[in-house]
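These figures come from a predicted structure and were not determined experimentally. Whatever order the structure lists them in is the order used to number ligands and atoms, beginning at 1.
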Amino acid sequence: MRMLEERIRKDGKIRGNDVLKVDSFLNHQVDPVLIDELAKEFYRLFKDENVDKILTIEASGIAVAVMAAKYFARPLVFAKKSRTVNISGDVYSSKAFSFTHKTENTVLVSKEYINKGERILLIDDFLANGCALRALRDIVIQAGAVPVGAGIVIEKAFQTGGEELRKEGLRIESLARIRSMSEENGIEFC
Ligand code: 5GP
């Protein structure tokens, strides 16, 4: 998506060659006009999938996912992250190693909010090694629901998550795909 790529080039900050900071429009301060365009694009891509619910993971996926949920006129559920191993209550849980925090999180969703047979669209801000997306897909499968695909704002295609998950049959639509990036040479999109 041209508009997103231009914004990444203008405001994205590369850290250590594999982390892109987009705090000025997505991950800390949020630009609602841009986010609305991203959400509209997710709706265009997945509108024929009969989506029942959108699932994302706290915190940085929530802004774009809630906007997308508005276009689908369906609820958004966000998975919660917990570092405790003692999980109480009726929840689905999965483990995800956090790329940015370098810790393992337990990802939780109350059983109340995903039901058997529901068609679930996964949304997240970044796709790197695929741990977050795998955890979300795992929870959907535990619930007996159907992961219809994943909408990703920025995929770092030089990391392996996207390729692996596509090979496993998950439809992934990324609005910007970064082929390579470095502090010296900047960003190259696919
Ligand atoms: P993965 O689980 O695919 O390795 O990483 C995806 C998750 O880590 C996303 O939910 C996102 O929050 C975070 N993440 C991964 N790479 C980046 C990055 O380059 N920049 C930012 N801001 N977040 C990232």
Side-chain angles (χ1 to χ4, degrees), residues 1 4-5 7-31 34-35 38-39 42 54-69 76-83 92-109 120-141 147 149-190:
M1 210 181 161
L4 175 62
E5 290 180 0
R7 190 61 179 269
I8 294 169
R9 273 196 209 287
K10 182 168 155 281
D11 292 332
K13 308 232 179 319
I14 300 165
R15 294 284 181 265
N17 294 344
D18 66 355
V19 172
L20 178 66
K21 292 200 64 129
V22 288
D23 282 4
S24 67
F25 61 91
L26 185 63
N27 285 158
H28 195 6
Q29 173 171 265
V30 173
D31 176 345
L34 176 70
I35 300 297
L38 307 180
F42 285 140
I54 291 179
L55 178 64
T56 189
I57 184 164
E58 68 176 3
S60 47
I62 295 175
V64 65
V66 76
M67 284 274 199
L76 161 71
V77 178
F78 60 91
K80 301 194 178 197
K81 287 176 194 164
S82 150
R83 285 190 209 160
Y92 297 112
S93 76
S94 189
K95 295 230 185 297
F97 183 79
S98 165
F99 181 79
T100 39
H101 297 275
K102 307 292 180 212
T103 52
E104 185 163 82
N105 291 308
T106 302
V107 179
L108 307 170
V109 175
I120 310 288
L121 173 61
L122 310 175
I123 285 191
D124 205 4
D125 58 340
F126 273 89
L127 173 57
N129 294 321
C131 301
L133 209 48
R134 261 176 215 290
L136 294 178
R137 184 188 57 172
D138 185 34
I139 282 173
V140 171
I141 290 167
I152 299 293
V153 179
I154 303 169
E155 176 178 348
K156 292 182 294 177
F158 56 88
Q159 292 174 288
T160 57
E163 194 185 339
E164 286 167 12
L165 282 156
R166 284 186 183 95
K167 269 194 200 139
E168 292 168 27
L170 185 67
R171 177 182 171 198
I172 301 176
E173 300 286 355
S174 301
L175 304 186
R177 296 186 77 228
I178 297 175
R179 189 199 306 277
S180 66
M181 65 183 202
S182 67
E183 287 177 7
E184 306 77 59
N185 303 318
I187 296 173
E188 193 196 342
F189 292 100
C190 293

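- Closest to atom 17 (C) of ligand 1 among all protein heavy atoms lies Lys156 NZ, 3.4 Å.
- Screening Glu5, Glu188, Glu155 for a salt bridge (charged side-chain N to carboxylate O under 4.0 Å, His left out) involving Arg179 leaves a single residue, Glu188.
- Checking only distances, Ala128 does come within under 3.5 Å of ligand 1, N or O to N or O.
- Counting heavy atoms from C-beta on, the side chains of Thr160 and Asn129 come closer than 4.5 Å.
- The shortest heavy-atom distance from Asp18 to ligand 1 is under 4.0 Å.
- Near Ala132, with a cut-off below 4.0 Å to any heavy atom, the atoms of ligand 1 are 2 (O).
- In terms of protein heavy-atom proximity, atom 20 (N) of ligand 1 is closest to Leu20 O, 2.7 Å.
- In this structure a side-chain-to-backbone donor-acceptor pair under 3.5 Å is present from Glu183 to Gly16.
- Between Glu163 and Lys167 a salt bridge is recorded (basic side-chain N to carboxylate O distance below 4.0 Å).
- Contact annotation for Ser60 and ligand 1: only side-chain heavy atoms (C-beta onward) come within less than 4.0 Å of the ligand.
- Judged purely by atom type and a 3.5 angstrom limit, Glu58 uses its side chain to pair as donor or acceptor with the backbone of Lys81.
- When only non-hydrogen protein atoms are considered, atom 8 (O) of ligand 1 lies nearest to Phe99 CB, 3.9 Å.
- Screening Ile54, Ile123, Leu55 against Leu76 for a side chain to side chain contact (heavy atoms under 4.5 Å, CB included) leaves a single residue, Ile54.
- The nearest pair of heavy atoms linking Gly149 to Leu170 is CA-CD1, 4.1 Å.
- The shortest N/O to N/O separation between Cys131 and ligand 1 falls below 3.5 Å.
- Remark: the backbone N or O of Asp18 is paired with a side-chain donor or acceptor of Lys156 at under 3.5 angstrom.
- Not a single heavy atom of Leu133 lies less than 4.0 angstrom from ligand 1.
- Residue contacts with ligand 1 for Asp125 involve side-chain atoms from C-beta outward but no N, CA, C or O (heavy atoms, distance under 4.0 Å).
- For ligand 1, the atoms sitting less than 4.0 Å from at least one non-hydrogen atom of Asp124 are 9 (C), 10 (O), numbered in the order shown with element in parentheses.
- Ligand 1 lies less than 4.0 angstrom from a heavy atom belonging to Asn27.
- Nearest residue to atom 3 (O) of ligand 1 from Ala96, Gly161, Gly130 is Gly130 (criterion: closest heavy atom).
- Distances between N or O atoms of Lys21 and those of ligand 1 include no value under 3.5 Å.
- At the shortest separation from atom 6 (C) of ligand 1 among protein heavy atoms lies Phe126 O, 3.5 Å.
- Residue Val153 comes nearest to Phe42 through the heavy atom pair N-CZ, 4.0 Å, listed as atom of the first residue, atom of the second, then distance.
- Checking side-chain atoms of Arg134 against main-chain N and O of Ala96 turns up no donor-acceptor pair under 3.5 Å.
- For atom 4 (O) of ligand 1, the closest heavy atom belonging to the protein is Asn129 N, 2.8 Å.
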